[in-house]
Amino acid sequence: MPRALLPVSNPDQLAYRLLLDSDWAEAGGLAQAPSELRVLLTTLFDSPEPMWLAWGKQQMAFFFNDAYLPLLGNKLHGAMGAALPQVWSDVWADVSDAIDHAFAGTHRSFRNLPLQMDRDGLMKETYWTFSYSPLRLLTGEVAGIFCVVSEQTEQVQQKNLHTRQVEAITEQAREAHLELVRAREQLRQAQKLETMGQLTGGVAHDFNNLLQVIGGSVDMLQHTLAAEAPQQRYVTAIGSAADRAGKLTSHLLAFSRRQSLSPEVFDIRESVRALSDIVSTVLGARIRVDVILPEAPLHVLLDRNQLDTSLINIAVNARDAIVGQGTVTISVSKVSTIPSVRQSAPLLGDYAAISVSDSGQGIAPDVLSRIFEPFFTTKGVGAGTGLGLSQVFGFVKQSEGEVDVRSMLGEGTTFTLYLPMTLATAASAAAPSSHRLASGTGLTVLVVEDNVDVAAFATSALAELDFDVVLARNATEALAELTRDAGRFQVVFSDVVMPGVNGLELARRIRATHPGLPVILTSGYSELLASDPNHGFTLLRKPYSLKQLASALAQATR
């Protein structure tokens, strides 16, 4: 620490003090160049800039000009040997190292040292730069140092303001970048889904037409063969294979959001309650199923069968993740926000949230990001197709909802389906009725089908059900038949995907010109139906069974 302070305004007074220093006197420095020293001291101490002089390396003395006194808090007292004021003591720890370097012959600046200054009665933080210059004897030894002090408060504040502005801009840029990343990821997912949809939709119609002929022929054989006929087991095997193939196509269409939905208004609580018994049976005795439902009804407009299929798919995955005893909890609640899922923005609105939680082994992070991909599965060969969760994903997204999954290894997994609610109320369910297969006596069906094989099966199946059949190969022929005599038909049974006028447009024209004539549409896949699930016509999905055909016709003609 320095040993003394003295304010000096007069260079002569400073020179006198220097002469008292034995080191300087013995070296003869003042005697050698008194005029140069006086000019230097006069120039420095007449300056309005704060300055100070440190003299004597062993017993350092400090001399300050008047301009420097505010930096000492205007508390300088006494003369040689006086105690240093507190303000200087606070700074000394920062500047002492720089002073030692200056006495060692190294010029050094201490930039932007923060000091608390009394300004207008308020203690404010100020910033100062100390620049050191050595004073050498004739021998070259540094005997003292001059320090010029300049205030940098305004510059530092401007720099800090600029830094904050840059940081704010950087934060905005970072958010914009994250938003761009999210948008690119959503675009990538959309493009992947579109590619999958084009691939699936391109083959689904023709493939389901083939399955319709195969499955329909199996139905006809089973209807005509005796139960004990040896051919029955072969027919059953063909039918089972056709059913599995149809389900695969259905799952792919669901994932790519191109399946034809049949939405209806229902209370999702009642649907989950009714499904819980089936889930308990599927999971088996080793797994307890808990169901938590709200008191108030939650009405949704969804395809109930697809919802049930989705929940069963999730429950089956939960069962496979649980080793030994475990619990699966299905809970239903109403939420007003869908959280951010897969980098998408949160969505506001009224949603019914169905959560399926299990006490299983959990899902590894690298697997979690892929679980909705079609054909991706961690199960062994033959233990799963990898299409169950892709069906869930496609159904929920096509229903304008969202599906989220949270999991930790060893702590289980929770799937949450967010499904939009509706203000409509559920209609009373019609009592189920039993329809015999042979129920078309006296009724005539106008069949509109461009596929030769499917048309042959449809007409044969309807004839087996005792319907009279008129076949039209396209919408133009169908409209001509109706123009000739619409009164002879009790129902129109039309394919959707046809050259020229499609089946949906044909149905709308018939509704406009013959409002009392019911129309049943059938399709293995149609983008028209997938994009317009509320078309208002009865839909029979291919491949359909003989029983399903009889039921649809009976409903339409009763």
Side-chain angles (χ1 to χ4, degrees), residues 201-224 235 238-239 242-243 245-246 249 260 437-441 443-486 488-510 514 517-529 537-557:
V203 301
H205 179 259
D206 291 337
F207 189 61
N208 279 329
N209 276 340
L210 295 174
L211 291 177
Q212 180 61 65
V213 175
I214 295 171
S217 299
V218 168
D219 259 1
M220 296 293 290
L221 287 172
Q222 288 178 331
H223 182 59
T224 57
V235 174
I238 296 172
D243 287 342
T249 307
S260 300
L437 291 182
S439 58
T441 303
L443 302 176
T444 303
V445 181
L446 175 59
V447 175
V448 189
E449 174 62 66
D450 65 306
N451 186 284
V452 176
D453 294 330
V454 176
F457 162 75
T459 54
S460 298
L462 290 171
E464 186 67 28
L465 297 173
D466 295 331
F467 284 91
D468 293 327
V469 180
V470 175
L471 176 63
R473 297 295 183 181
N474 51 53
T476 301
E477 292 184 12
L479 292 172
E481 290 288 349
L482 292 173
T483 301
R484 185 177 303 114
D485 182 10
R488 56 188 164 139
F489 300 112
Q490 283 70 52
V491 63
V492 177
F493 183 51
S494 175
D495 189 19
V496 173
V497 179
M498 296 185 298
V501 178
N502 61 67
L504 184 58
E505 179 60 28
L506 172 63
R508 287 171 174 158
R509 293 187 186 183
I510 293 173
H514 308 284
L517 182 59
V519 179
I520 300 174
L521 297 176
T522 181
S523 179
Y525 161 71
S526 170
E527 190 169 354
L528 294 171
L529 299 181
F537 296 98
T538 301
L539 175 65
L540 190 60
R541 294 187 182 90
K542 296 179 182 177
Y544 52 82
S545 68
L546 198 59
K547 184 177 180 180
Q548 289 172 329
L549 176 59
S551 176
L553 290 171
Q555 290 282 348
T557 56

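Note: L462 CG to L443 CG = 11.0 Å, rounded to the nearest 0.5 Å. If you take CZ on F493 and CZ on F467, they are separated by 10.5 Å, rounding to the nearest 0.5 Å. For the atom pair R488 CZ and L482 CG, the distance stands at 8.0 Å (nearest 0.5 Å). Rounding to the nearest 0.5 angstrom, the gap separating the CG atom in L211 from the OH atom in Y544 is 12.5 Å. Separation of atoms CD (Q212) and CG (N451) is listed at 10.0 Å; rounding is to 0.5 Å. Rounding to the nearest 0.5 Å gives a distance of 9.5 Å between OG1 of T444 and CG of D485.
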V213 and V454: CA distance, side-chain angles, deciding distance, side chain to side chain contact (heavy atoms under 4.5 Å, CB included) verdict: CA-CA 6 Å; V213 175; V454 176; 4.1 Å; yes
Worked verdict on F489 versus E481 for side chain to side chain contact (heavy atoms under 4.5 Å, CB included): CA-CA 10 Å; F489 300 112; E481 290 288 349; 4.3 Å; yes
Side chain to side chain contact (heavy atoms under 4.5 Å, CB included) between Q490 and L517, worked out: CA-CA 6 Å; Q490 283 70 52; L517 182 59; 5.7 Å; no
Worked check of side chain to side chain contact (heavy atoms under 4.5 Å, CB included) between N474 and D450: CA-CA 6 Å; N474 51 53; D450 65 306; 5.8 Å; no
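In terms of heavy-atom proximity, V491 sits nearest to A556 at CG2-CB, 4.2 Å. The shortest non-hydrogen separation linking L506 to V501 is N-CG1, 3.9 Å. The minimum heavy-atom distance between I214 and A242, with the atom names listed, is CG2-CB, 4.1 Å. Across V448 and A478, no two heavy atoms sit closer than the pair CG2-CB, 3.6 Å. Taking every heavy atom of both residues into account, L549 and A461 meet most closely at CD2-CB, 4.1 Å. Shortest non-hydrogen contact noted between L546 and D219 is N-OD2, 2.5 Å.
Put simply, the side chain of Q548 gets close to the backbone of S545: a donor and an acceptor are under 3.5 Å apart. In this structure, the side chain of T522 engages the main chain of L540 through a donor-acceptor pair within 3.5 Å. Side-chain atoms of T557 come within 3.5 Å of backbone N or O of L553 as a donor-acceptor pair.
When the salt bridge (Lys or Arg N to Asp or Glu O under 4.0 Å) test is applied to E477, no partner is found at least two apart in sequence or on another chain.
Checked for salt-bridge contact, E449 and K542 meet the test: a charged N lies under 4.0 Å from a carboxylate O.
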